[in-house]
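Per chain, numbering begins at 1; letters A, B, ... match sequence-line order.
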2 protein chains.
Amino acid sequence: MTTAPVAPAATHASSRGRTRLANDAWEAALGAHTALMRRFTEDDVWAGLSMRDYDVLYTLSKCDAPQRLSDLGRHVMLSQPGLSRLVDRLVERGLVGRCADPTDARAAHLSLTAEGRALQRRVGRAHGASVAAALTARLTDEELALLESLSRKLSLPDDDLPEETP
Amino acid sequence: MTTAPVAPAATHASSRGRTRLANDAWEAALGAHTALMRRFTEDDVWAGLSMRDYDVLYTLSKCDAPQRLSDLGRHVMLSQPGLSRLVDRLVERGLVGRCADPTDARAAHLSLTAEGRALQRRVGRAHGASVAAALTARLTDEELALLESLSRKLSLPDDDLPEETP
DNA sequence: GTTAGTTACATGCGAATGCATATAATCGGC
DNA sequence: GCCGATTATATGCATTCGCATGTAACTAAC
């Protein structure tokens, strides 16, 4: 009942097999994420930042316009109060600047300070090198491009999904 | 300086391009992980378990022999003390059994209780269905198989890596 | 313009986490 | 069999997190 290695000779691919395929892929992906995250966390490149700190700094570094908390929240895997306080700490440390949004008094405009940008660049260079080393040692160029392509498809919101049976 | 969209017409692929390729792939993969984890977390299938709780129960469910903490630690993204206390809570809740290892008095043998196994199966069915729904809506069978294959390569430890220039 | 509903963010608080370290058992020479 | 090194797990403590909720501002219908 638990293990059923019988090959279902269905016409295309049985729904059972497709579910299994998806779950196996997800489990493997989780394993890869865990293995790589562990490796990167142990890297000695973080200069006192947690990986979440860096995630916020990196996200801000990619945006020229100041971001709101809720914008950051879409990219960072953290609850809204958690992100609120994480940003608090980054502001306190002088890495992130917070100024009022003239068009919306509720919102805050967040951006990197000069120090924050410098730190992000410094850490980013080292971390990026480590990422490249780990990934290029395991995947070919074609596989890297494929991974990016698959990942982008997986990131699609429910809205713009390629329909199957409309 | 920040954006250099100039195509490097190198013979194969410049080292710069390869680094970039790897970092883009990793960023996309992180995005997919965040998007899917958020979705799965919000699913109403967890029956009072955190996803980490479930991760431990699932890992134990796959093993017939009792596991040690350090075995679990390889699969769960958590520090050793963190895992120790997470297991404490699961034992307290009657989902995991802890008994002494006769061959090693330091180690503990961890296994699912009947209740823990039942809960893992119940939650696992619902969660597995959600995983399948999300992934099969975004990837074809071939892509799912590819994702699993790429993920397995990414999970390889430094030891058994396919050598490049020995 | 008043008010209900929504959005953006912050805060109180208990629970979970990581780091450093402690404890206890096993292993490997000798 | 003894002792240093290593392994397996636990605990103290400060930090961080998520949930529930609060506060303030915006929006829209009337």
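- For the pair A:Arg98 and A:His109, the minimum side-chain heavy-atom distance is 4.5 Å or more.
- Comparing A:Arg52 and A:Thr103 against DNA chain D, the residue whose closest nucleotide sits nearer the 5' end is A:Arg52.
- Side-chain nitrogen and oxygen atoms of A:Arg106 include none within less than 4.0 Å of the OP1 or OP2 phosphate oxygen of C:dA10.
- The nearest whole Å value for the distance from the CG atom in A:Asp101 to the P atom in C:dA8 is 11 Å.
- A:Asp104 comes within 4.0 angstrom of sugar-phosphate atoms only, judged by non-hydrogen atoms across all strands, and of no base.
- The separation between A:Leu78 atom CG and C:dA10 atom P is 13 Å, rounded to whole Å.
- Between the CZ atom of A:Arg98 and the C1' atom of C:dA8 there is a distance of 12 Å, given to the nearest Å.
- Shortest non-hydrogen contact noted between A:Ala28 and B:Arg152 is CB-CG, 4.5 Å.
- For D:dT9, neither phosphate oxygen OP1 nor OP2 lies less than 4.0 angstrom from any side-chain nitrogen or oxygen of B:Ser84.
- Taking a cutoff of 4.0 Å between a charged side-chain nitrogen and a carboxylate oxygen, B:Lys62 and A:Glu27 qualify as a salt bridge.
- Protein atom CG of B:Leu83 is 18 Å distant from nucleotide atom P of D:dT7, rounded to whole Å.
- Taking only side-chain nitrogens and oxygens, B:Arg89 comes nearer than 4.0 Å to OP1 or OP2 of C:dT17.
- The interatomic distance linking B:Asp55 (CG) with C:dA16 (C1') rounds to 16 Å, in whole Å.
- Side-chain atoms of B:Arg85 come within donor-acceptor range of the base of D:dG12, with a qualifying N/O pair under 3.5 Å.
- Rounded to whole Å, the distance from CZ on B:Arg68 to P on C:dA24 is 18 Å.
- Two residues are said to be in side-chain contact when any heavy atoms from C-beta on lie closer than 4.5 Å; A:Arg52 and A:Leu78 meet this criterion.
- Counting non-hydrogen atoms under 4.0 angstrom, A:Leu86 reaches nothing in the nucleic acid.
- Residue A:Ser79 has its side chain nearest to D:dG18 when only D:dG18, C:dT17, D:dC26 are considered.
- OP1 or OP2 of C:dC9 lies within a sub-4.0 Å distance of a side-chain N or O belonging to A:Ser70.
- Straight-line distance from the NE2 atom of B:His109 to the P atom of D:dA8: 12 Å, rounded to whole Å.
- Electrostatic pairing of B:Asp43 and B:Arg39 does not count as a salt bridge here, judged by no charged N lying under 4.0 Å from a carboxylate O.
- Within 3.5 Å, no donor on the side chain of B:Gln80 pairs with an acceptor on the base of D:dA8, nor the reverse.
- One interatomic measurement links the two molecules: CG of B:Asp71 to P of D:dT7, which rounds to 14 Å at whole-angstrom precision.
- Remark on DNA chain D: of its neighbouring residues A:Pro81 and A:Pro102, the 5'-side contact belongs to A:Pro81, judged by nearest-heavy-atom nucleotide.
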